[in-house]
Amino acid sequence: MSTPAIDEAELGRILARNRLTLTPDQVRAILPGAPIFQQMIARLHAPLPREAEPALTFNVEQC
Amino acid sequence: MPEILTIAEAARRISAKQLSPVELTRAHLERISRLNPQLNAFLLVTEERALADAAAAEARQMSGSLRGRLDGIPIAHKDIYNTAGIRTTAHSRLLEHNVPTRDAHTVKKWAEAGTVLLGKLATHEFAFGGPSFDLPWPPARNPWNTEHFTAGSSSGTGAAVAAGLILGGTGSDTGGSIRGPAALCGIAGIKPTYGLSSRAGILPLAFSLDHAGPLAWTVEDCALLLQGMAGHDPEDPASVNRSVPDFTAELGKGAKGLRIGVVRHFFETDHPASDATRKGIDDALNFFRQEGATVRDITLAPAADYHAVGYLIMITEAFTLHAPWMRERFADYGELFRDRVALAATVSGPDLVQAARRRRVLCREMAAAMENLDVIVSASQPGEAPRIADVAKWANMEKPSFTMPFNVTGFPAISVCTGFGEGGLPVSMQLAGKPFSEPTLFRAAHAYESAMAWRARRPAMAG
């Protein structure tokens, strides 16, 4: 599954949306990691059976 | 220079009144004083506390009231373990002057067992960002060659054990942070089953992946140290309430009858390991066969699948914890920690849920694969330690980790030395077991380790 590349402007917007107000240099320092990480995320989105629930499914006995 | 003992041997001599805990402690303090300037393994040496602990142990020795095999044993803690009244920094500028008021649960347990606290050990910043050269303290160096990397994040513990500065120490492992330094420093290190040892009072990196465990020169020493750490703690929500077995119970029973699976594709195709690493594993498998174990290859999902699940969860949980500080003090973090963790801002809600769903699938896969096995074997690291200056910021994402699969599933895993590569630095293998099967894991690792000559060889600087 391919994912659209994140450019510097988009990464800056995503970081800002998470209230990380960084300098352009700080954003540029993170940018080379983004495509590698996006490939990892894409790997997670291969189809799963509908019954595959999260590993940390809510368990009332643990409350 | 006095010989460096194992914990098992030191305990035997202390029990027999052939070794003074105070003299043992002084020898280690002298060794730290001489070698730490080259290794940067210690961030803080607690000499006064160590001598007081040793004197108390010696008094118990003389009165015949030793508390067990850890009484009088010199240890140190990774600097994410809270120590009451003793600075605990996470190797970070953000906690440069942090002095906790309570011990971590495991710190308290080791102290109650009579260990001698020599100090606090280097870590990658907050157990993730390293090796970093922009922090208040330099990174730890590998005693086999100080130009080389220790791996991390329990970097100081790996270096300190290998150089004989301590007989054992604590580590934490979220994606391989115990087994990595154990592998590259040529020692033993176990990530126990998730929930077996409490994380209360240890600065977290990622709640659902963090494990606390020991590193030591030998497998037997790891078993002794884990004995002193394991047990239920209501202050850790993941802590399991079950009886703690005797981790040394199966040592010496050999490998006969063990059923061993080899995840060969992890280290042959998914992330090809060095020739020396593969030879070490093949030689170990031949040893197990000769000893009467059955060995067969097994297939799991690609290592990259486990790595993607673990890495995404790890940095997302870390970002959740650190976001308040990162918003206010971004530049106070080292570049490696802040830039790696900031990528979590690109994770969507569905991404995280999908990682959690896939985690369950991978857990079930590994449990099914282990149904008729006692141990699975893989690599710990792809090869010998690289030069510390050559470790790239994104290297931990570019190729799948061999250790992360067992953080994702929570299964116990231990790294042991399998010899030395072309550069003269250690290579290793990883043994993993079913949940709470640590006694069997120690049995297999000990059978191999005690039949090999690797434990007779120390780094040249250690004498």
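Residue numbering restarts at 1 for every chain, and letters A, B, ... go by the order of the sequence lines.
- Within the 4.5 angstrom heavy-atom criterion, atoms from both the backbone and the side chain of B:Val309 approach chain A.
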Worksheet item: For B:Phe319 and A:Leu20, what are the C-alpha separation, side-chain angles and deciding distance, and is it a side chain to side chain contact (heavy atoms under 4.5 Å, CB included)?
Response: CA-CA 11 Å; B:Phe319 183 60; A:Leu20 289 173; 3.7 Å; yes
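- Between the side chain of B:Arg358 and the backbone N or O of A:Ala46, at least one donor-acceptor pair lies under 3.5 Å.
- When all heavy atoms of B:Ala345 and A:Ile14 are compared, the closest pair comes out as O-CG2, 3.2 Å.
- No donor-acceptor distance shorter than 3.5 angstrom exists from the side chain of B:Lys393 to the backbone of A:Gly33, with no hydrogens or angles considered.
- For the pair B:Glu398 and A:Ile36, the minimum side-chain heavy-atom distance is below 4.5 Å.
- Annotation: side chain of B:Phe330 is not in contact with side chain of A:Thr21 (no heavy-atom distance under 4.5 Å).
- Side chain of B:Arg360 to main chain of A:Glu53: a donor-acceptor pair is present (N/O by atom type, distance under 3.5 Å, no hydrogens or angles).
- Chain A forms more heavy-atom pairs under 4.5 Å with one residue of B:Val353, B:Val361, B:Asp305 than with any other, namely B:Asp305.
- Between B:Thr346 and A:Gln38, the shortest heavy-atom distance links the atoms OG1-NE2, 3.4 Å.
- Proximity to chain A (any heavy atom under 4.5 Å) is shown, for B:Leu362, by neither the backbone nor the side chain.
- Considering only heavy atoms from C-beta on, A:Phe37 stays 4.5 Å or farther from B:Trp394 through its side chain.
- Between the CG atom of B:Leu352 and the CD1 atom of A:Ile41 there is a distance of 10.0 Å, given to the nearest 0.5 Å.
- Inter-residue side-chain proximity for B:Leu343 and A:Ile30 is flagged as met; some heavy-atom pair is nearer than 4.5 Å.
- For the residue pair A:Arg50 and B:Arg357, the shortest heavy atom distance occurs at O-NH2, 3.8 Å.
- The candidate from B:Gln354, B:Arg327, B:Arg359 with the greatest count of non-hydrogen atom pairs under 4.5 Å with chain A is B:Arg327.
- Contact of B:Ser208 with chain A is made through the side chain alone, with heavy-atom distances under 4.5 Å.
- Only the side chain of B:Pro302 comes within less than 4.5 Å of a heavy atom in chain A; its backbone stays farther off.
- Rounded to the nearest 0.5 Å, atoms CG (B:Asp351) and NE2 (A:His45) are 3.5 Å apart.
- The environment of CD in B:Glu328 is sparse: at most 12 heavy-atom neighbours from other residues, nucleotides or ligands sit within 6.0 Å.
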